[in-house]
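Below you'll find the structure, written out as structure tokens, and then a few comments.
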Amino acid sequence: MQLIFEQIRTGGDRNFGYLLADRDARRGILIDPSYTPETLVQRATDQHVSIECILNTHGHPDHINGNARAVELTGARVAAHPESPAFPDMPLADAQEIRVGALTLQILYVPGHCRDHVVVFETSHRLLVTGDLLFVGKVGGTENEEDARIEWNSLQRVLAAIPDAATVWPGHDYGVRPSSTMALEKATNPFLRCRDLEAFLQLKKDWPVFKRDHGLK
Ligand SMILES: [Zn+2]
């Protein structure tokens, strides 16, 4: 099996979409092909890959606004959490495994940033597509303290389940690099360095000041 894995800038607010495929099997998926779905579909076509599903990490408009066009171009199904406003015809459950050619994708349900959030872990090459749960150097925004608690629990699950060697591929280019590893994020991401929930909640409150003091954008 030969991997195809492309991180594609789709537009919007520094949004990333992804093409993930098995070149030998000529089968692949698109993840969050928003704003410019034609670009992602063309990359698949150029490599003779047929798209089996359009997978959404979560249902915020900047991640699903390309679904209709991507489906029109590929005939693929939409895979997302059942509560997604994208109304998936392939609902995803926690711990579900999806086969794409010889690739195995594990789904982890990680609410907090929103109710329908999932991350995707490709097991052979250890690729973790994190959507808006985990960015390089920060985590997804939350609307209230309860959601922040839920997000904390989701992050702890990911930290426990995903190996340090895994690479991290976020939904936006918000960090100082476009991708990372679990080991680097554990060592440098201030939200993952919080020793407990209280520190995490406090950092969320203090984030504008923290950003200013540390020269972050
Ligand atoms: Zn979002």
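All ligand and atom numbering here is 1-based and tracks the order in the structure.
Under a cut-off of 6.0 angstrom, the local environment of CZ in Arg99 is crowded, with over 12 non-hydrogen atoms contributed by other residues, nucleotides or ligands.
With 3.5 Å as the limit, one finds no donor-acceptor pair spanning the side chains of Thr10 and Asn15. Glu97 and Thr104 form no side-chain donor-acceptor contact under 3.5 Å, judged by distance and modelled atom types alone.
Inspection of the environment of the Zn ion (ligand 1) yields the following protein N, O or S atoms under 2.8 Å: His58 NE2, His60 ND1, His113 NE2, Asp132 OD2.
Residues passing the salt bridge (charged side-chain N to carboxylate O under 4.0 Å, His left out) test with Asp206: none are found, sequence neighbours excluded. The ring pair (Phe, Tyr, Trp, His ring centres under 6.0 Å) check on His117 picks up His58, with sequence neighbours excluded. Residues that satisfy the side-chain hydrogen bond (donor to acceptor under 3.5 Å, both in side chains) test with Lys138, not counting sequence neighbours, are absent from this structure.
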